Protein chains: 2
Amino acid sequence: MSDRTAECAEPQRRSIGAKRNPATAEAILTAAQELLREKGVKGLTMEAVARRARAGKATLYKWWPTRGALLVAVYERSKGDYAHEDKGALIDTIAAFYHHVFDFWKTPEGQVFALIIAEAQSDADVAEALERYREERLATLAEVVGWSLARGELIEGVQAEALAEAIMAVAWMRLMTGRLDSDAERLAHEVLDGWIVGKR
Amino acid sequence: MSDRTAECAEPQRRSIGAKRNPATAEAILTAAQELLREKGVKGLTMEAVARRARAGKATLYKWWPTRGALLVAVYERSKGDYAHEDKGALIDTIAAFYHHVFDFWKTPEGQVFALIIAEAQSDADVAEALERYREERLATLAEVVGWSLARGELIEGVQAEALAEAIMAVAWMRLMTGRLDSDAERLAHEVLDGWIVGKR
DNA sequence: ACATAACGAAACGCACCGTTCCCTTTGGAG
DNA sequence: CTCCAAAGGGAACGGTGCGTTTCGTTATGT
């Protein structure tokens with residue numbers, strides 16, 4: 001369980017004066033990402049990250065005071081900005097969305113998201129960051145539902161946010177219970193068919 | 001941060017011979033529950049539980065080899081067996097269900113469930129236990145949906161399991177994001193209205 | 001009567017935590 | 001130009017939890 005060999009990279013890196021060294025931030029985030037990829041969650045300790053990045057622990061704690069803060073930083077660094085693609089029918093748009101997130105969540109970078117949700121259960125700062133992120137993603141998803149609503153695709157009385165939440169919730173649950181091998185299109189149907197005009 | 005006073009209860013408790021001492025199991029689970037209640041997640045350490053229960057760590061590890069196992073045991077000890085109550089209309093049955101779980105999840109005992117989901121993200125044993133539990137709860141929920149289906153309450157082509165998953169997923173998401181103050185009835189409508197005959 | 005097993009207690013080495021020193025580097029203010 | 005302030009690496013600190021081991025005690029079941 002102790003793997004002290006070659007844990008450090010890059011020859012040297014010193015202070016560049018009385019201002020923050022971008023290379024340090026870079027090295028630390030990269031180290032965190034690598035550790036996550038190589039040793040999983042348990043491998044991501046402040047100690048190990050500092051070692052691998054050849055950074056002082058003091059430096060690390062200065063910029064990322066908690067493990068949660070580091071997790072969030074790593075996630076925000078690795079996630080691309082997914083823009084929903086309007087496929088004409090809501091069902092296809094959502095199927096594409098499911099397909100995309102499931103694929104991403106399966107990657108080492110994407111797995112961080114599950115860890116963030118987990119960490120949020122015991123770290124208030126992470127919980128707050130997660131909540132902001134959830135609201136942001138919910139809003140864009142609700143917007144997509146809005147497009148469909150405007151097209152008259154959905155039955156009367158649908159609230160975009162409510163439906164968007166159901167769409168998100170099912171994805172999150174699949175993530176938390178390790179069932180990302182789902183058929184995205186089938187899942188989209190299971191969640192949406194009830195709300196689409198003419199599907200009854 | 002060090003609170004060594006009165007961490008231990010009960011005067012004495014020794015071996016009762018070559019068989020498991022029920023009082024020990026009792027004392028350990030109680031200690032775990034109390035620590036959880038008093039100090040939150042972080043307070044629940046194998047070390048602290050052993051101290052409080054006046055138990056040897058060896059004993060603790062013998063019966064609950066990981067923190068996750070202990071968490072699951074605590075949860076299973078405290079949760080009552082909720083039986084869905086058929087209110088006639090599915091919407092009312094689910095509203096009652098939401099009301100019940102949200103109330104329970106707000107209690108210190110119920111909060112353990114969120115921790116189990118979190119722990120499952122990094123502990124395979126907990127993940128397996130959670131998956132068994134999820135399947136069990138999904139089945140009973142699907143049964144409830146089945147009642148409704150048999151009454152002709154729902155539109156054609158509904159798959160009981162799929163709808164049950166959506167119902168569960170929304171509840172779980174509310175839990176993971178700390179929004180248990182929801183209006184159960186309203187939420188039930190938001191999730192179900194699309195699937196009910198005559199609601200379009 | 002005796003092997004067997006559970007129990008409490010204490011100690012072990014190890015790892016990580018979060019903080020604190022110390023010294024070096026270098027930009028920017030005076 | 002000088003020197004202070006801030007950033008950086010490195011090393012060590014005490015503290016705490018982990019998981020294991022060792023020991024002596026207790027009492028069952030055969």
Side-chain angles (χ1 to χ4, degrees), chain A residues 1-5 7-32 35-36 39-71 119 122-123 125, chain B residues 1-4 7-32 35-36 39-71 119 122-123 125-126:
Chain A
M1 202 67 83
S2 43
D3 210 327
R4 288 261 177 290
T5 44
E7 271 194 357
C8 313
E10 305 309 308
Q12 201 64 325
R13 196 182 55 249
R14 290 232 180 286
S15 166
I16 59 169
K19 63 177 182 185
R20 185 169 183 183
N21 188 344
T24 292
E26 186 71 17
I28 286 174
L29 289 180
T30 301
L35 282 168
L36 216 42
K39 315 208 176 173
V41 205
K42 302 281 176 67
L44 188 74
T45 65
M46 300 300 256
E47 197 99 17
V49 170
R51 259 200 314 269
R52 155 99 41 140
R54 265 192 184 291
K57 289 200 330 180
T59 306
L60 185 51
Y61 277 101
K62 178 170 186 61
W63 302 110
W64 298 274
T66 66
R67 175 189 143 107
L70 191 55
L71 268 182
E119 197 82 6
S122 62
D123 180 327
D125 291 337
Chain B
M1 201 66 81
S2 42
D3 209 327
R4 289 262 177 290
E7 269 193 1
C8 315
E10 305 308 309
Q12 201 66 322
R13 197 182 54 250
R14 290 229 181 291
S15 166
I16 58 169
K19 63 176 181 185
R20 186 170 183 183
N21 187 343
T24 291
E26 186 69 17
I28 286 174
L29 289 179
T30 302
L35 282 169
L36 215 43
K39 315 207 175 173
V41 204
K42 303 280 177 67
L44 189 72
T45 64
M46 301 298 257
E47 197 98 18
V49 169
R51 259 202 312 272
R52 157 97 45 139
R54 265 192 185 290
K57 286 185 12 174
T59 306
L60 186 50
Y61 276 99
K62 177 169 187 62
W63 303 111
W64 299 274
T66 68
R67 176 189 143 106
L70 191 54
L71 269 182
E119 196 83 5
S122 61
D123 180 328
D125 290 337
V126 177

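All chains are named by letter (A, B, ...) in the order of the sequence lines, taking the proteins before the strands, and each is independently numbered beginning at 1. Just so you know, these numbers come straight off a predicted model, no measurement behind them.
- Each of C/dG8, D/dG9, D/dC18 was ranked by its minimum atom distance to the side chain of B/Thr45; first place goes to D/dC18.
- Annotation: side chain of A/Trp64 is in contact with side chain of A/Leu29 (closest heavy-atom distance under 4.5 Å).
- Atom NZ in B/Lys39 sits roughly 11 Å away from atom P in D/dT16 (whole-Å rounding).
- Look at A/Thr59 and you won't find any side-chain N or O under 4.0 angstrom from OP1 or OP2 of D/dA7.
- Side-chain contact between A/Arg52 and A/Val49 is absent, with no heavy atoms from C-beta onward closer than 4.5 Å.
- Judged by closest nucleotide on DNA chain C, B/Ile16 is the one of B/Ile16 and B/Lys57 placed further toward the 5' end.
- Proximity note for A/Ala18 (side chain, C-beta onward) versus C/dG27, D/dC18, C/dG18: the nearest is C/dG27.
- Nearest-nucleotide positions on DNA chain C place B/Gly56 closer to the 5' end than the other of A/Arg14 and B/Gly56.
- One can place NZ of B/Lys42 at 16 Å from C1' of D/dG15, the figure rounded to the nearest angstrom.
- For B/Arg51, taking side-chain heavy atoms from C-beta onward, the closest of the listed nucleotides C/dT20, C/dA9, D/dG17 is D/dG17.
- The nucleotide whose nearest atom lies closest to any side-chain atom of A/Arg54 is, among C/dA6, C/dG27, D/dG10, D/dG10.
- Each of A/Arg20 and A/Glu47 was assigned the nucleotide of DNA chain D with the nearest heavy atom; the assignment lying further toward the 5' end belongs to A/Arg20.
- When the side-chain nitrogen and oxygen atoms of B/Thr66 are compared with OP1 and OP2 of D/dC18, none of them lie within a distance under 4.0 Å.
- A sub-4.0 Å separation between OP1 or OP2 of D/dG8 and a side-chain N or O of A/Arg13 is absent.
- Look at NZ on A/Lys19: it is 17 Å from C1' on D/dC4, rounded to the nearest Å.
- Put simply, CD on A/Glu26 is 17 Å from C1' on D/dG8, counting in whole angstrom units.
- When the P atom of C/dA6 is taken as reference, atom OH of B/Tyr61 falls 18 Å away, rounded to whole Å.
- The distance between atom NZ of B/Lys62 and atom P of D/dG19, rounded to the nearest whole Å, is 17 Å.
- Side-chain contact between A/Lys57 and A/Met46 is absent, with no heavy atoms from C-beta onward closer than 4.5 Å.
- At whole-Å resolution of the value, CG in B/Leu70 and P in D/dC18 are 10 Å apart.
- Counting non-hydrogen atoms under 4.0 angstrom, B/Ala50 reaches nothing in the nucleic acid.
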#### Entry: CA sep, side-chain torsions, deciding dist, call: B/Leu71, B/Asp123, side chain to side chain contact (heavy atoms under 4.5 Å, CB included)
CA-CA 12 Å; B/Leu71 269 182; B/Asp123 180 328; over 6 Å; no
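- Contact check for B/Pro65 versus B/Asp125: no side-chain heavy atoms found under the 4.5 Å cut-off.
- The phosphate of C/dC7 has OP1 or OP2 within less than 4.0 Å of a side-chain N or O from B/Trp63.
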### Query
Going through the checks in order, is the side chain to side chain contact (heavy atoms under 4.5 Å, CB included) test met by A/Thr24 and A/Ile16?
CA-CA 10 Å; A/Thr24 292; A/Ile16 59 169; over 6 Å; no
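- B/Trp64 places its CH2 atom 16 Å from the P atom of D/dG19, with the value rounded to the nearest Å.
- Comparing B/Leu44 and B/Ser15 by the nucleotide of DNA chain D whose heavy atom lies nearest to each, the residue mapping closer to the 5' end is B/Leu44.
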